[in-house]
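Naming: A, B, ... by sequence-line order, numbering from 1 per chain. Computed from heavy atoms alone, side chains included, the values below leave out hydrogens, waters and symmetry copies. Predicted model, so just to flag it, every value in this text is computed and none were measured.
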Amino acid sequence: MSVGKEFTKGLYAENPVFKQALGLCPTLAVSNSVRNAVGMGLAMTFVLVLSNIIVSLIRRFVPRKIRIPIYIVVIATFVTIVDLVMAGFAPDLHKALGIFVPLIVVNCIILGRAEAFAGRNSVFRSLLDGLGMGFGFSLALFVLAFIREILGDGRLYGFPLLGPGFEPMLIMILPPGAFLTIGLLMGLMNWLDKRRCS
Amino acid sequence: MKDVLRMAWILGVVTVLAAAVLGAVNHVAKPRIEEQRRLALEQALLSALPKADPRAIVPVYEGDEIVYYKGYAQPDTTGLVGYAFVARGAGYSSEIETLVGVDTTGQIIGLKILREVETPGLGTKIEEVRYGEKDPWFQRQFIGKRARQLAVDKDGGEIVSVTGATISSRAVTNSIRKGLEELEKRLGGFSKTAQQVSD
């Protein structure tokens, strides 16, 4: 696979949310406003890139039998760094994301990439893979949040957009709204892919 | 056996390294985190006791715990303008903490929600500031009220709850009422007339 593809595959062809259907729990929870989505996307990308780099660096020293606990330690370390730095330097964002920052530890996208990619590929390719997957996840969150915040709250990035005459569709910012939006977008993507093939 | 020892050694090294990195980051971030907490509380105290001098809001301890704050009009702590306390109540998905300021007669003069992790778009509307307004409409309702007036509309009270977030609204309202009643007990009753403050 070409080096450029290692990056771009995460954006669409292997998008973690829409194509691999990984990490859906935080996706459902924090894609209710664009502000949360962007913050979560950046935090995830940071952890994903660094954990991919470290996992790839140490892949030759790590015995197969204990690779998973070692990956978890590496991932948990970076997540804790993000959590501490956010609490100290971006308290509002930290407050808004709440429990979902510590929960990045158990986000299966990160462990999935460590196991399926970074543990078997060079540092440079793992970095690109982490960046691509991170951006792909952020992109998916952003698209979902964009749709849900406008329909469910009449706002965009916290600013009133549709005016006081608009009656927000509450269901869109609650979890069912996320399920509906993800389902419809996945369906749309499958339809587009099918049409392009034939 | 040799294999087990080798794995234990590698896992040990990895965890020690991780702990060292985290220790370093914590060392840098901790003072900042405490500073942010202090700033948030300080700002909340100022909005809860708007007439108090920023240098003359003093905590009152019971054991090691701060049970309430006294606010004075002058920096030399004369001219008591009121009290502030933190009210805590279980909301829908979090414990909601509100800092409440009252005057010497027990009438609410200011409040600020310190912490809540309620449902975004529903429960979080207890902090919503409507377009073109300066302060959150839900919290504004409490200003000028006393303990006995504090109940949400569904419970027959005067506080209009947030649509779709009765539990969050009720948590804030009831925790403030309880806090006020506790404060009254601690003080042995509020004064009947407001103290005259010349400023």
Side-chain angles (χ1 to χ4, degrees), chain A residues 29-33 35-36 50 54 58 61-67 69-92 94-100 145 148-149 152-155 158-161 163-164 168-175 177, chain B residues 2-41 43 92-95 97 113-125 127-133 162-165:
Chain A
V30 297
S31 65
N32 45 28
S33 76
R35 193 189 299 263
N36 289 358
L50 287 172
I54 299 293
I58 60 173
F61 312 104
V62 173
R64 263 196 72 75
K65 281 182 191 161
I66 53 163
R67 66 188 192 286
I70 287 182
Y71 294 166
I72 297 282
V73 170
V74 171
I75 295 165
T77 305
F78 287 120
V79 170
T80 312
I81 291 175
V82 171
D83 197 40
L84 288 173
V85 171
M86 240 187 213
F89 296 87
D92 291 337
H94 188 260
K95 208 178 141 192
L97 294 179
I99 187 68
F100 294 101
R148 292 178 66 199
E149 193 178 354
D153 207 15
R155 294 170 187 239
F159 296 108
L161 190 71
M169 302 153 70
L170 279 184
I171 195 172
M172 290 307 287
I173 40 172
L174 293 175
Chain B
K2 216 183 131 200
D3 207 33
V4 172
L5 283 177
R6 199 176 73 94
M7 285 194 287
W9 160 247
I10 292 176
L11 197 52
V13 169
V14 170
T15 43
V16 166
L17 282 176
V21 171
L22 284 181
V25 172
N26 189 45
H27 186 73
V28 179
K30 206 176 174 196
R32 287 285 313 201
I33 295 173
E34 268 158 21
E35 174 76 7
Q36 299 284 6
R37 281 219 185 106
R38 207 181 51 76
L39 278 175
L41 182 69
Q43 262 185 337
Y92 187 73
S93 56
S94 65
E95 183 176 63
E97 278 183 18
I113 290 178
L114 293 176
R115 212 178 64 91
E116 52 87 8
V117 194
E118 297 294 287
T119 316
L122 289 176
T124 53
K125 291 225 163 130
E127 291 193 88
E128 180 193 35
V129 179
R130 282 199 183 128
Y131 187 67
E133 294 184 351
V162 174
T163 313

Peer 1: Tell me, do B:Leu122 and A:Leu174 make a side-chain contact under 4.5 Å, heavy atoms counted?
Peer 2: yes
Peer 1: By a 4.5 Å heavy-atom criterion (distance strictly below it), what part of B:Glu128 contacts chain A: side chain, backbone, both, or neither?
Peer 2: side chain
Peer 1: Could you state the interatomic distance from CG (B:Asn26) to OG1 (A:Thr80), rounded to the nearest 0.5 Å?
Peer 2: 10.0 Å
Peer 1: How long is the span from the OG1 atom in B:Thr124 to the CG atom in A:Asp153, to the nearest 0.5 Å?
Peer 2: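 Spacing of OG1 (B:Thr124) from CG (A:Asp153) equals 7.5 Å.
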Peer 1: With chain B, which of A:Val74, A:Ile66, A:Val62, A:Asn36 has the greatest number of heavy-atom pairs at distances under 4.5 Å?
Peer 2: A:Ile66
Peer 1: Name, in order of residue number, those residues of residues 81-90 of chain A that have a heavy atom at a distance of less than 4.5 Å from a heavy atom in chain B; otherwise write 'none'.
Peer 2: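 Within residues 81-90 of chain A, near chain B: A:Ile81, A:Leu84, A:Val85, A:Ala87, A:Gly88, A:Phe89.
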Peer 1: Relative to chain A, which of B:Lys30, B:Arg115, B:Glu116, B:Met7 shows the most heavy atom pairs under 4.5 Å?
Peer 2: B:Met7
Peer 1: Using only non-hydrogen atoms and a strict under-4.5 angstrom cutoff, which residues of residues 31-40 of chain B touch chain A?
Peer 2: B:Arg32, B:Ile33, B:Gln36
Peer 1: Is it the backbone or the side chain of A:Ile58 that comes under 4.5 Å from a heavy atom of chain B, or both, or neither?
Peer 2: neither
